[in-house]
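Written out below as structure tokens is the structure these notes cover.
Convention: sequence-line order gives letters A, B, ...; per-chain numbering from 1. Note that the structure is predicted; figures quoted are calculated from it, not measured.
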Protein chains: 2
Amino acid sequence: MNIGEIAKRAGVSRSTVSYALSGKRPVSDETREKIQRVIDDLGYRPNASARALANGRTSTIGLVFPPAGNHYTGMQLDFIGSVVEAAAAHDYDVLLSPSGVDSDRSFQRLLGERRVDGAILMEIRLRDDRVDHLAELDFPSVTIGRTARPEGTWWVGLDHTALAAACVHHLADLGHRRVAFVNRPEQLLRAGYESAHRGLDGFTKAAAERGLTVQTYCCGDDPASGQACLERILHDDPATTALVTLNEAALGGLYRGLAHAGRHVPRDFSVTGVVASRWAETVTPQLTAADVPAEEMGRRAVDLLIERLDHPGAAPRHHLLAPPISLRASTGPAGGASFADAPTPFSPS
Amino acid sequence: MNIGEIAKRAGVSRSTVSYALSGKRPVSDETREKIQRVIDDLGYRPNASARALANGRTSTIGLVFPPAGNHYTGMQLDFIGSVVEAAAAHDYDVLLSPSGVDSDRSFQRLLGERRVDGAILMEIRLRDDRVDHLAELDFPSVTIGRTARPEGTWWVGLDHTALAAACVHHLADLGHRRVAFVNRPEQLLRAGYESAHRGLDGFTKAAAERGLTVQTYCCGDDPASGQACLERILHDDPATTALVTLNEAALGGLYRGLAHAGRHVPRDFSVTGVVASRWAETVTPQLTAADVPAEEMGRRAVDLLIERLDHPGAAPRHHLLAPPISLRASTGPAGGASFADAPTPFSPS
DNA sequence: CGGCTCTGTCGAACCGGTTCGCCGGAACCT
DNA sequence: AGGTTCCGGCGAACCGGTTCGACAGAGCCG
């Protein structure tokens with residue numbers, strides 16, 4: 001059941017059927033209705049590959065993210081979901097591609113074989129060969145996150161520097177003087193992930209500005225690492241009274257470590273960071289944090305990409321987001337532990 | 001840079017280039033090497049649409065899941081990740097399609113426009129029009145989950161009945177007599193989601209068998225609903241000492257509700273259920289639960305689909321998984337609260 | 001009434017691959 | 001030497017759409 005079959009049954013030529021469907025040339029009402037009736041009867045739908053071959057557009061966008069390694073974080077999930085939905089609203093499909101690098105097989109499939117019209121890249125590094133490669137090819141793409149020099153490229157990003165700094169100021173305002181920073185895994189930091197670097201920068205500078213004593217840590221993306229990391233924090237400086245984290249997957253482990261150490265949140269210890277609201281609301285007490293607007297970022301990335309596809313040569317655009325800190329229940333004034341009349345903490349086994 | 005260009009530069013015909021690449025007919029070593037050199041020089045990759053049009057295969061599989069509504073659960077994320085990776089291992093791409101129903105635009109795009117060679121469906125209902133539709137078309141597909149009558153179809157499923165029953169037996173063995181069941185949202189139960197129905201069945205039957213007093217609840221897929229649900233449980237029967245949940249997104253809220261009610265887990269109250277291990281390990285105390293092997297299920301679904309694609313007409317196959325309960329720290333003997341010598345619990349504010 | 005434009009439709013070429021039938025020449029056979 | 005086989009490569013048709021140029025006929029003009 002192809003376009004020729006439709007044409008035959010409607011008693012017209014193939015081109016007339018094509019024009020009736022696309023509307024790119026006028027077709028008489030009578031003919032159009034006749035064609036439409038045949039199409040409805042047979043449930044005909046034009047073949048996507050043939051159409052893509054003929055007009056050079058696949059109506060598909062690629063979503064490129066690093067290979068899972070162990071697992072994905074909740075944020076990545078939210079990006080995927082919102083990108084798929086936003087794309088569907090524009091009549092685009094989404095092709096998923098797990099890809100770390102430029103020379104990756106997946107990446108080559110997407111670009112070289114022209115499976116997609118454009119791409120959205122996640123988990124950007126400060127120096128990212130994929131981004132360079134795409135820019136060189138002038139291939140329509142939008143990044144979620146930005147490189148060290150994002151000028152001239154299209155991106156949607158989070159102002160990690162400002163967000164981490166806001167966390168520091170929030171804690172400093174509450175009187176905390178010794179604060180730890182829990183970053184993404186060391187291998188990601190070394191690889192140059194922008195969130196890890198800019199977040200660390202923002203934290204360090206703001207802490208220096210406020211005269212805080214700090215320690216910074218890398219931490220694996222899982223609860224067990226979070227717990228181990230917290231133990232190290234208290235071991236290295238038992239007087240630490242607060243921490244800032246970018247690592248949402250470790251969050252549950254950080255909380256568990258605090259419970260085991262007998263530190264009550266927020267009375268004895270304050271926790272804050274940059275975390276998707278879904279996770280911030282899952283832990284008890286709920287996390288005071290800068291909520292990552294993953295849904296909005298995914299949507300905006302798609303909108304930018306569609307715009308770029310529709311207007312080749314348009315000037316690069318971007319969105320830098322800096323959501324405010326949502327006050328929940330995980331931070332409090334420093335020195336809470338010295339309230340003599342607080343109930344005796346439950347001692348861990 | 002298409003195949004004709006390669007042919008011209010190598011001084012051979014287009015068909016020879018094609019055969020050199022596919023190996024479907026012998027080509028002399030000399031010619032093949034000459035062609036390969038030109039290809040490497042130009043970085044040529046065959047156009048996916050043209051290839052799909054010519055040989056009728058897109059090398060893409062569709063992953064169909066319900067529209068996000070509010071958000072996805074962690075389990076869905078794990079499925080997506082493992083499906084993408086397993087597909088990549090077989091040189092297939094994955095096209096994401098948010099689709100609730102049969103007549104859905106997305107669904108029609110996938111099938112009608114032949115964008116994919118096969119499909120994997122998630123979030124199956126006991127009666128599912130999408131599954132019926134695909135079976136009718138004899139379209140290669142595998143479901144993650146199974147309908148009420150899965151005979152003759154290809155699927156990978158979890159034995160929710162047995163898992164929920166195992167949770168009940170675990171609690172009954174510990175001496176619990178009054179147990180609550182926290183299901184997925186009511187709208188999903190009404191829509192006929194298989195996990196919600198079979199889980200409820202398994203729970204109800206096993207509880208009857210063990211003579212337990214039970215209450216069952218539906219609960220929204222978010223922490224706030226979990227907390228509200230727990231309040232209702234204790235309001236309806238304050239003597240409840242344990243619960244079984246299928247709702248991982250609500251888990252954090254359930255824990256919070258227990259903390260607010262002053263019930264210590266596991267001393268005063270036991271919690272178990274069917275939950276991805278990632279979530280079970282995030283909460284404190286870690287959840288004793290039947291771990292959903294999402295990664296394995298996604299991989300097996302892909303393997304089945306590939307097999308079905310490679311051997312049309314093969315007899316339907318399936319995998320029914322029933323992972324054991326992982327003992328962690330959220331369950332304990334009933335009546336633990338009466339141990340007089342237990343440390344004084346920390347009383348919540 | 002001849003020449004003009006305008007409208008609706010058709011045929012053919014094209015997108016970039018795959019595949020089938022065929023053929024020329026070398027090698028092998030008797 | 002002539003016939004058969006085998007190997008390697010070529011040309012053409014095809015997959016199912018889109019698009020361009022052409023054209024027939026109707027309606028309008030002078």
Side-chain angles (χ1 to χ4, degrees), chain A residues 1-39 42-60 91 93 108-117, chain B residues 1-39 42-60 91 93 108-117:
Chain A
M1 48 207 89
N2 53 25
I3 201 174
E5 187 67 26
I6 303 296
K8 199 189 302 172
R9 302 210 187 195
V12 298
S13 73
R14 303 196 306 150
S15 52
T16 301
V17 175
S18 179
Y19 287 125
L21 284 172
S22 69
K24 294 191 179 174
R25 278 200 192 174
V27 171
S28 73
D29 289 352
E30 186 191 7
T31 308
R32 186 188 2 269
E33 282 161 21
K34 193 166 52 184
I35 291 173
Q36 192 58 50
R37 245 190 320 274
V38 175
I39 287 178
L42 271 65
Y44 164 79
R45 310 224 64 194
N47 179 301
S49 301
R51 194 203 295 255
L53 176 58
N55 66 16
R57 313 197 48 185
T58 60
S59 295
T60 302
D91 271 320
D93 284 325
Q108 289 305 317
R109 279 174 70 107
L110 234 57
L111 301 196
E113 303 184 6
R114 318 217 91 83
R115 281 174 196 272
V116 300
D117 296 336
Chain B
M1 48 206 90
N2 54 25
I3 201 174
E5 187 67 25
I6 303 297
K8 197 188 304 173
R9 302 210 187 195
V12 298
S13 73
R14 302 196 308 150
S15 53
T16 302
V17 175
S18 179
Y19 286 124
L21 284 172
S22 68
K24 294 191 180 176
R25 277 199 192 174
V27 171
S28 72
D29 289 352
E30 184 192 5
T31 308
R32 190 196 347 278
E33 281 160 21
K34 192 167 50 186
I35 291 173
Q36 192 58 51
R37 244 190 321 274
V38 175
I39 286 178
L42 272 65
Y44 163 78
R45 310 224 64 195
N47 179 299
S49 300
R51 194 204 294 257
L53 177 59
N55 66 15
R57 311 197 53 187
T58 59
S59 294
T60 303
D91 272 322
D93 284 326
Q108 290 304 317
R109 278 173 72 108
L110 279 194
L111 302 195
E113 302 183 6
R114 317 218 94 82
R115 282 176 195 270
V116 300
D117 296 336

Quick tally for nucleotides 9-19 of chain D: nucleotides whose base has a protein heavy atom under 4.0 Å get B, sugar-phosphate-only ones S, the rest -, giving BBB-B-BBBBB

To the nearest 0.5 Å, atom CD1 of B/I3 lies from atom CD1 of B/I35 at 8.5 Å

In short, the helix from C/dC1-D/dG30 to C/dT30-D/dA1 is bent end to end, axes from five pairs each side, to 10°, by 60°

Minimal heavy-atom distance between B/V38 and B/R9, with the atoms involved, is CG1-CB, 3.8 Å

In short, B/L42 meets B/E5 closest at the heavy-atom pair CD2-CG, 4.4 Å

For the pair A/R109 (side chain) and B/D91 (backbone), establish whether a donor and an acceptor sit closer than 3.5 Å, ignoring hydrogens and angles.
-> yes

Contacts of B/R57 meeting salt bridge (Lys or Arg N to Asp or Glu O under 4.0 Å) (sequence neighbours excluded), chain-then-number -> none

B/M1 and B/Y44 have their tightest heavy-atom pair at O-CD1, 3.5 Å

Evaluate the side-chain proximity of B/I39 to B/L21: yes if any heavy-atom separation is below 4.5 Å, no if none is. yes

